[in-house]
Each structure stands twice: as C-alpha cells, then as structure tokens.
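Down below is the structure, laid out as structure tokens.
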Amino acid sequence: MIALWLFGILKRRTARVIGLAAGVTLTAALLSTLGLFLTESGASMTRRAVSDVPIDWQVEAVPSADHQAIAEAIRKAAPISRMHTVEYAQTDGFEAQTEDTTQQTGPGKAIAFDADYGRDFPQELRWLAGKRSGVLVAQQTAANLHVGPGDRVLIKRVGLPPVAVIADGVVDLPDSDALFQGVGLPPLAAPQAPPDNVVILPLADWHRIFDQQQTVRPDTTRAQFHIRLVRERLPTDPTAAYSLVQGQSRNLEARVAGQALVSNNLGSRLDAVRSYALYALILFLFLGLPGVVLAVILTVSLAAAGLGLRSQEQALLRVQGASQSRALLLWLSEPFAIGIIATVLGLVLSFFFSHVSTSPVLAPANMLPAVAMAVIGGTIVVAAIAMSAWHASRSTTVVAAQRKVGRRGVPLWHRLWLDLIFLLIAGLLFWQSASTGYEIVLAPEGVPAASVDYNAFLSPLLFWVGFGLLTMRLCRYFISDGNPMLNLTLRPVSGKLASAVAASMAFQEPRLTKGIITMALAISFLTSTSIFNRTYEGQARIDAELTNGADVTVFGTSAHPAGDKLATLEKLPDVAAARTMQHRFAYVGNDLQDLYGIDPKSLGAATGLPNAYFQGGSANDILSALAATPDGVLVSEETASDFQLQQGNTINLRLVSASDNQYHAIPFKFIGVVREFPTAPRDSFLVANSDYVARMTMSATSEYVLMRASADPAGLAERARKVLGSASGLEVKAIGDASRIIGSSLLAVNVGRLTTIELSFGAVMAIAAAGLMLGLGFIDRRRNFAILTLIGATPRQLASFLWCEGLLILIGGVVFGLVSGVLTAWMLVKLLTGVFDPPPETVSVPWAYLLSVHILIVLSVAAAVLVANARSRRGAYEALRDL
Amino acid sequence: MPETLVEARSLSKAFQSRDGKPLLVLDQVSCSIVPGDRIAVEGPSGSGKSTLLALLGGLLSPTHGDISWPALGSRRDLQPLQIAFVFQTPSLFPPLTVLQNVTLPLLLAGQPARSKERAECLLALFGLANLTRKLPEELSGGQAHRVAMVRALMVRPRLLIADEPTGQLDTLTATSLLDRIFDQLAGTEAALLVATHDAKVARRMRTRWTMDHGRLSPGPGREQTG
C-alpha cells in the first residue's frame with residue numbers, strides 16, 4: 001500500500017517531490033559540508049600550530065643532574081623524533097675594538113648546539129653573513145659591537161678572565177623567545193625577554209671556555225635538551241592533541257622530578273590553538289548555523305507549499321475509509337522516503353563539493369562528524385514536516401481538511417509584542433558586549449583554559465528572530481483586507497483590478513508572509529555572511545601587509561642595508577612605488593624598542609597606512625604632524641602610558657651613533673600614538689623622521705625597502721631575489737608569504753572556505769526561496785488561476801495577479817533581507833572583533849556578489865511567474881476538474 | 001433568421017488517459033445554438049455532456065471538427081460577457097467574498113460601474129442577501145452553486161451554459177432556481193444550455209439533446225444540423 005502510494009505521489013506530484021527532495025538534500029549537504037569544514041579546520045589548525053613550533057619540549061637539567069638518565073626518561077615519556085643538547089652560559093658582556101673605538105655590551109649569553117642541531121632545528125638559526133659554522137654572532141650583538149666576520153670579540157666570563165674569539169659569521173635567532181625562555185616557570189610568571197647579546201660557539205669551544213665557569217659558578221651555566229616529538233601520531237583535533245602532549249609532558253615531569261625542569265612549547269601552542277578552535281566553533285555558530293536554520297525553514301516551507309493539496313489527499317483517504325493513523329502513516333511515508341534518499345544525496349554532494357574546493361580528502365574517521373551532521377540535518381527537516389503533518393491531522397475533520405486555509409486568528413507572539421521585546425533584549429545584550437570590548441573568547445594570559453562568552457551569541461540571534469517577527473507583523477498589517485496602502489501599491493501593476501488583486505493577496509497573507517520571510521532570511525543570511533567575509537578578507541590583507549610591510553619588502557640589516565639597492569629595485573617591472581625605511585633599535589629607558597625612520601610624506605606610496613594604525617587623528621593628520629616636526633616621534637600607547645607622555649614632551653631615546661658605535665641619548669618630541677606599523681613585530685615601537693635619525697646618528701642607511709606591486713607580488717618578489725642575488729644578505733618577502741606565516745592562528749580557521757560554503761548554499765537557498773516557493777505555491781493554487789481564466793480573465797489580467805504576488809515577495813524579501821543583513825553584518829563584525837587584527841574601521845560590501853545574486857533572484861521570480869502564467873492558461877478547464 | 005450563436009460541425013474530443021492512450025469522449029457531434037434557445041443536454045454520467053458544454057462555451061478546443069460563434073466573435077471574445085458558464089464543480093475564486101466573486105467578471109471586462117447594486121439585487125433574488133461578505137469556503141455546496149449562477153447572470157450573457165445547475169439542490173430550491181433563471185432571461189435573446197440528468201429540469205426546456213457514449217442525438221424541437 002505504501003509503495004503504491006509513494007509511486008502515485010511520485011508520478012502525480014513530481015514537482016512537489018522534487019522541491020522537497022531538493023530542500024532536504026540542501027540541508028543535509030550544508031550540514032555535512034560544515035561538519036567537514038569544522039573537522040578540517042581543526043586538523044588544519046593543529047597542522048599549522050605544530051609547524052610553528054620549532055622545539056616541542058625544552059628540558060633543562062639542574063646542575064649535577066644525570067644527563068643520560070634524563071635522556072632516557074624523555075624517550076620513555078613520549079615517542080621522540082629528534083633530541084639535541086644545548087649549553088647555555090651567562091656572560092658579563094662582550095667587547096670589540098674597531099679601528100680606534102671600543103664597543104662594549106651589557107650582560108649576554110653564550111650558547112652552543114651539539115652536532116646537527118642546525119639540520120634538525122633549522123628555524124632556530126638564520127644565516128646572515130660570513131660562515132655558517134664556527135663562532136656566530138647574533139645580529140643585534142654584531143650591530144652593537146660593530147663587528148662582522150673575521151673580527152675579534154672578547155667574551156667576558158662571570159668571575160673569570162675574558163676569552164677572545166674570532167667571529168666567523170653573523171646570524172639571526174628568529175626563535176630567540178623560546179630559545180632563551182625560562183624553563184619550568186609557573187604559569188602566571190611574566191615571560192622573560194631574550195638577551196640582547198648572544199654569541200654562539202661550537203660545542204667544543206664552549207666547553208673549553210665555560211667548563212671552568214661551570215665549576216666556579218654553576219648557577220651561571222645550564223644544559224637543555226631540545227626535543228621534537230613524533231608529530232604524525234598527534235590527533236588532528238587541537239584539543240585532543242593538546243591533551244595528549246600535555247599528558248606526555250606531565251609524565252616526563254614526574255620521571256625527571258628533581259633532576260630537570262620541562263617547558264612544553266608544543267602544549268602551549270596547542271593550548272592557544274584551542275581557543276582558535278573555539279573561534280572556529282563560534283564562526284560556525286554565527287555564520288554556519290543561520291544557514292542551517294534557513295535551510296530547514298526553507299524545506300519546511302517548501303513542504304508547506306503543498307499542504308493544501310496534502311490535506312485534501314489525507315481527507316480523501318479518510319473519506320475512503322482509512323483510519324486517522326493509517327492516513328497519517330501514508331502521508332508521512334512521503335517525507336520519510338524522500339528524507340532518506342535526499343540525505344544520502346546531500347552527503348555525496350558535500351563530499352564532492354569539499355573535494356572540488358581543494359579540501360583534502362579526510363580519513364574515514366574524520367568523515368564521521370560530517371555523516372552524523374548530514375543525518376541530523378535530514379532528520380530535523382523530516383521531523384519538522386512530520387510534525388506539521390501530525391498537527392494538521394489532529395486538528396482537522398474530514399470536511400475541514402477539504403477546505404482551503406482561510407482567515408486566521410492573531411498569534412500569541414503578535415499579541416505579546418515578542419518581536420519588539422526580542423529586539424530590545426538584543427540591543428541590551430549587544431550594548432553589554434560592547435562594554436566588555438567584544439571579548440567573546442576569554443583566554444587570560446597564562447591560564448590554560450579558554451572559555452566562550454555564549455551570551456554574546458544571543459544578541460544577533462535575538463535580533464535575527466526579532467527582526468523576522470517584526471517583518472511578519474508589518475506584512476500582516478500591510479497585506480490586509482481593505483488596506484488602502486496595499487491597493488495603491490498594486491495599482492501600477494494591476495490597474496483597475498487592484499481591489500480584486502489586493503483581496504486575493506490578503507486572503508493569501510500567510511503564504512505571502514511566509515514567502516517574504518523566507519526570502520528575507522535567505523538574503524539576510526547571505527548579505528551578512530558575504531559582508532563579514534569581505535571585511536575579514538580585507539583585514540586579513542591588512543594583517544599580512546602589517547607583517548610584511550608592503551606587497552614586497554626587502555629586509556636588510558645595518559651591515560647590509562636594502563636601501564643601497566633602491567635604484568636597482570625601482571627599475572624592476574611591475575614596481576608601482578618603492579620607498580626606503582630605516583630599522584634601528586632605540587632604548588626607551590631600559591626597554592629596547594624597534595625604531596622606524598620614515599619619510600612621512602612619501603611612505604604611503606609604497607604601502608597602505610590606514611587611519612586605524614594611528615590614534616587621535618587620521619593617518620594623514622598624524623603623518624603631516626610628523627613631517628612638520630623634524631624631531632617628532634610616534635610611540636605606542638603602552639610607552640605613552642608608562643612614561644606619562646603629554647603632547648610636545650621631550651623624550652630621550654638612546655641610539656647607536658655611527659661615529660663611535662656607542663649609544664647616545666637623542667632628544668625627540670612626542671607628537672602622537674601609533675598602534676600598528678608596517679613590519680613592526682611587537683606592540684611597542686617608535687616611528688620618527690628618517691632625516692632626523694640619519695643626522696643624529698650620522699648614518700643615512702635604510703635597512704628596508706618597501707615596494708607596492710602593480711601586478712602579482714609573488715612575481716615581483718621573485719624578480720627582486722634574482723636581481724639581488726643570494727649572497728646579498730638581503731631577504732625578499734611577498735605579502736603571500738606573510739599570509740602563510742600568520743595562518744597558524746585564526747586564519748587557519750579558513751573563514752574564506754566557510755564563507756564559500758555559506759555563500760554558495762546561501763545563493764542557492766535565496767534563489768530557491770524566491771522561485772521555487774513561488775512556483776510551488778502557484779502549482780498548489782493552479783485551480784484558482786484556472787477559475788480566473790475560465791471566467792474571462794485575459795492573459796494580462798491573470799499575469800497581474802501573479803506578478804503582484806511575485807513582486808510583493810521579491811521587494812518585501814529584498815528590502816527586509818538587506819536591512820537585516822547589513823545590521824547583522826555590522827553586529828557580527830563588532831562582536832567578532834577578536835577575530836580581526838587590526839579591527840576594521842568599516843564593513844566592506846561585496847557589491848558584485850550581492851548584485852549578481854539579486855539578479856538571479858529576480859530572474860528566478862520572473863521565471864516562476866512566467867511559467868505559472870503559461871501553465872494557468874493552458875488546460876484551465878482540466879485543472880478546474882482535477883480534485 | 002437570428003444569427004447563430006454557436007455552430008459546431010463534426011466535433012470530436014479525445015483526452016490523453018494515464019496510460020498514454022487517447023480516450024474519445026466526444027465523437028462526431030454537430031449542433032447549433034441560436035438566440036432564445038432553451039436546450040437541455042441529457043445523458044448518463046460519462047456520456048460527454050460536460051465536455052460538449054465546454055466545447056460549445058469555448059473552454060476547450062476540439063480534437064477534430066469545427067466550431068464557430070458567428071454572432072459572438074472569435075474564441076477570445078467569448079468571456080466574460082458573451083458566454084457565461086456555471087460549472088459543475090465549485091468555481092468561486094476562494095480569496096474573494098461572495099459579492100466580490102459575482103462582480104469579478106464585470107471587473108475583468110472593465111465594467112465595474114453600478115455592478116455592486118445589481119449584484120446585491122440578484123443575490124437577494126436568489127436568497128443570498130445575507131452572504132455577501134462570506135468567503136466561498138464558508139458556503140454550503142448549494143449556496144456556492146447559486147452564487148456561481150448569480151455571477152453568470154451578472155454579465156447579461158448572450159449564452160448561459162450551466163452544467164448540472166440543480167445537482168446540489170433539493171427539489172423545491174431547484175424549481176425556484178430555474179424559475180429565477182428563466183425570469184432573468186425572459187425578454188432577452190439569451191440562450192440557455194443546460195446539462196442535466198434531472199428529467200424535471202429537462203422537461204422545462206424546449207429542446208432536449210441526448211448524449212450517449214459521446215454521440216449526440218437531438219430531441220424534438222431542433223434537428224441536428226450538418
């Protein structure tokens with residue numbers, strides 16, 4: 001019986017079946033794709049986080065500890081792929097003589113790596129000049145001592161006579177923070193700044209020089225084990241990976257208690273990534289869940305579009321003698337059968353979509369969440385349809401079921417003004433979030449746990465719901481019998497038939513309102529998502545620009561300034577502009593900060609300098625003030641606060657003078673606060689006029705060159721590398737390289753891919769909400785339109801009924817959808833401020849995408865109306881007689 | 001001789017059945033209708049009465065044969081003013097009230113002036129005065145049928161076609177309905193074509209045609225033309 005029923009439905013109500021199947025497929029596919037996204041994002045975050053950490057564990061032996069026993073304990077605690085020992089020794093400083101000057105530094109460190117350390121931990125050392133082995137001097141130390149390869153450096157040992165060595169090369173220590181961190185410090189302890197002065201010795205030389213110091217002053221030397229774990233065995237989920245690594249680290253601590261201290265760098269990184277994983281979940285909730293809700297609403301609405309016919313079918317079954325339960329069973333068989341098939345189809349579609357959109361094929365275990373979510377999605381939709389069917393069967397008699405839906409009462413939410421209440425609460429919650437600075441993910445520094453302020457979800461959710469209900473209220477008011485505004489609005493399309501058309505639409509108000517709401521939800525969803533995505537992309541680019549400095553940046557040093565190559569670089573093809581920038585180091589009190597010397601009038605030609613970089617004025621205002629004040633300096637907020645600086649105050653900065661290679665105090669005038677600056681690696685830095693810096697330090701060298709590309713930056717970077725050569729000591733980076741570096745953090749969430757999923761599905765849903773719902777509604781009322789034709793309506797008159805309905809849904813849906821979408825986007829950008837670095841000044845609107853989707857929506861509505869018009873006139877008499 | 005309202009020659013009509021085979025409903029029917037005719041089409045269920053009426057009313061096109069409306073114009077000119085049709089199945093426009101339904105054809109024809117007064121008058125005449133604000137779903141089957149009749153009479157058609165006009169009425173109401181129809185058409189040259197299986201209704205018509213398995217046999221009063 002059920003098979004017969006289903007076959008009949010498929011044959012006679014093909015459009016309805018297709019509509020329902022499409023909706024369930026869409027919902028299942030969307031949920032499954034989002035599940036794949038979440039799983040793959042987590043895996044991607046773990047991958048990138050892990051690749052960011054050069055040294056997974058640092059185990060520091062206490063003086064006189066048994067190093068072999070410690071090594072053995074390490075091997076037992078976790079699978080190890082690399083282990084090396086590093087010796088550290090404190091020094092009282094370094095000294096060097098060049099020509100007739102003597103340079104001295106403050107206290108520093110002398111370290112030594114064992115054999116093959118550089119091969120296994122290549123991220124610890126970046127060669128700059130001279131030999132790649134032997135005695136290597138850190139870049140800053142070399143600058144301070146004014147030494148290069150071949151120069152003599154005196155190492156001042158603690159409590160012992162100094163020892164001289166010959167520098168073989170100059171290196172950079174990119175991971176100095178980790179290399180010189182305090183191992184085994186309590187979680188809330190302040191991080192230690194790496195030493196300013198470092199010399200790297202061969203292991204044998206280190207022992208020769210410092211073994212004696214180790215005996216005399218064992219507190220000034222130490223040995224560490226640097227470990228890399230077998231990363232292939234880490235779980236893909238960041239939280240699971242963190243738990244595993246943390247557990248192994250604790251196990252090691254227990255084994256080496258009293259003998260060594262452990263620093264779990266990988267665990268710390270994964271711990272931070274856990275909060276990003278939470279952000280991924282938040283983005284899923286904010287951006288993904290509305291899409292899922294919309295898909296469910298759309299599918300249920302599609303199902304409801306045929307409710308009239310379904311009710312009649314059920315009534316006829318009962319007239320023929322079927323019991324209520326039997327009739328219900330037959331009625332429910334349709335959505336269940338469609339649900340199963342469509343869910344499988346949706347799953348297949350999502351795997352195909354993910355595969356085509358360059359997502360790597362995941363292991364079967366990781367696909368399980370996607371399958372589960374597809375099944376959940378399909379089940380939710382089918383359950384919603386089944387509930388409405390059950391409810392309809394309970395509330396109708398046979399006769400009543402044969403009647404069409406007519407006038408309704410006022411719903412409870414309407415009488416209770418829930419729409420305005422929700423909007424009010426949404427506003428209050430949003431204001432509360434604003435007062436806390438929009439901190440959604442709360443990850444206090446040093447505290448392992450990260451928590452999410454879930455209350456923040458409520459404001460956009462309540463706004464969405466409240467605005468939807470308000471739209472329904474306005475629709476009920478506008479599309480009401482006898483409303484002169486409705487007549488007036490319809491007159492341009494329906495002419496003298498306006499009153500009849502208005503009456504017809506008032507009768508259809510529930511259906512029309514549902515159509516407007518569904519379309520408005522769809523447009524709101526894709527508008528808010530696309531605006532958020534465009535804004536995010538824009539900020540991601542700014543972030544990359546900040547890190548890299550410009551489209552292409554040539555990084556040099558004082559010894560090898562990139563500024564000397566400006567003329568060569570400017571001649572390269574696709575260089576829109578090239579400008580030099582000084583990169584010096586200045587002491588502000590005892591704090592060593594980066595100082596950037598610029599030409600404030602012209603730097604903007606080579607790189608973006610948005611207003612958000614500066615405080616207290618636009619970029620133009622601040623840079624003009626700097627240009628007008630030769631000795632002006634911009635400082636960070638923290639520096640201004642620490643030193644209680646007021647506008648115009650003199651601040652003395654100590655910079656190295658080229659005349660004697662010594663630090664000298666140079667007066668600057670504080671003129672403003674700078675928040676961000678191209679290439680600035682830390683929050684505290686200084687920006688000054690390059691002319692003044694050059695004059696006062698007697699050195700006009702510019703360490704960096706920033707270039708704006710008129711074409712592909714990667715291509716320009718490659719040409720720059722070729723023309724400069726590998727032996728120049730200069731490093732060339734394009735903006736794309738910076739994006740990959742930043743990508744260990746929130747960009748690993750791959751908002752772009754999430755929004756690609758959302759925007760693709762959103763466009764499909766919006767077009768379906770428009771055309772499909774309208775079309776199915778017309779099919780359901782084909783008989784009504786047949787009556788109009790048979791009593792004499794001309795094709796044009798019939799068309800006016802259809803067009804009025806289509807245009808009302810279209811215009812209502814678009815207007816309410818756009819308003820809701822723009823406001824929701826603004827709220828999302830504000831609430832998710834933590835996602836952006838730096839925060840955006842305004843939202844960015846993807847006009848091309850929105851315009852193209854809206855054109856498709858209009859075409860979809862037009863197609864639905866034209867098809868319905870043609871079908872209504874053809875076979876009108878047969879349609880009238882079809883029960 | 002009055003100009004012929006409808007002229008049909010060798011009309012045949014076939015519908016596509018579910019299994020794809022053609023189902024012949026009307027077979028070589030020829031007939032004509034002139035102003036003032038009062039014609040009843042009788043026959044058992046499934047004999048093709050409704051199909052014949054729909055063809056003559058211009059609502060269907062024949063599969064074979066010719067049909068024309070010499071006095072009324074082309075097919076496009078028939079509705080809503082020339083030919084009014086009262087269908088066997090419910091045919092009121094659900095979103096409109098009774099009053100709006102009966103005035104709809106005149107509104108479609110661009111003649112809404114004074115239609116409301118005439119509509120109220122006719123509705124009162126047919127015992128429907130208290131139902132003007134009701135929606136079709138709030139009417140009984142008989143009431144809906146009478147409203148459809150009023151709608152048809154509103155346009156003062158030259159040919160009124162009614163398919164089983166008394167099918168849902170009791171005998172008394174049916175008699176009263178016919179009386180009112182005849183009253184409204186009296187003094188006009190309007191023709192009345194009624195499909196019925198009620199012998200009492202058929203006896204009140206001057207001409208009686210019989211349909212049997214898609215073929216037409218004209219009764220006394222009018223010879224089959226062609």
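Both backbone and side-chain heavy atoms feed into the values below; hydrogens, waters and symmetry mates do not. So you know, we letter chains A, B, ... as the sequences are listed, proteins then strands, and number each from 1.
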Are more than 12 heavy atoms from other residues, nucleotides or ligands located less than 6.0 Å from atom [atom1] of [X]?
X: A:H414; atom1: NE2; result: yes
X: B:F182; atom1: CZ; result: yes
X: B:R180; atom1: CZ; result: yes

* Examine whether an atom of A:I787 lies under 4.5 Å from a heavy atom of chain B, and if so say whether it belongs to the side chain, the backbone or both; otherwise answer neither. => side chain
[X] [atom1] to [Y] [atom2] distance, which is reported to the nearest 0.5 Å:
X: A:I791; Y: B:F87; atom1: CD1; atom2: CZ; value: 8.5 Å
X: A:F507; Y: B:L96; atom1: CZ; atom2: CG; value: 9.0 Å
X: A:D481; Y: B:Q100; atom1: CG; atom2: CD; value: 6.5 Å

* Side chains of B:L108 and A:K496 in contact at under 4.5 Å (non-hydrogen atoms) -> no
Contacts of type side-chain contact (heavy atoms from CB on, under 4.5 Å), residue [X], not counting sequence neighbours:
X: A:A864; value: A:L774
X: A:A337; value: A:L6
X: A:L474; value: A:L470, A:F816

* Asked: Where on B:L60 is there a heavy atom nearer than 4.5 Å to chain A: the side chain, the backbone, both, or neither?
  -> side chain
* **Part of B:I83 lying under 4.5 Å from any heavy atom of chain A** => neither
* Structure fact -> Those residues of residues 70-78 of chain B that come under 4.5 Å of chain A on a heavy-atom basis, listed by number, are none
* Asked: Run the side chain to side chain contact (heavy atoms under 4.5 Å, CB included) check on A:L788 and B:F93 step by step: do they pass?
  -> CA-CA 7 Å; A:L788 283 176; B:F93 193 50; 3.7 Å; yes
* Asked: If you count heavy-atom pairs under 4.5 Å between each of B:S61, B:A54, B:G58 and chain A, which one has the most?
  -> B:A54
* Highest number of heavy-atom pairs under 4.5 Å with chain A: which of B:S91, B:A152, B:A109? -> B:S91
* side chain to side chain contact (heavy atoms under 4.5 Å, CB included) between A:Q797 and B:L107: does it pass, once the steps are laid out? -> CA-CA 11 Å; A:Q797 287 170 331; B:L107 190 65; over 6 Å; no
* Asked: Of all heavy-atom pairs between B:P95 and A:S504, which one has the smallest distance, and what is that distance?
  -> CB-CA, 3.4 Å
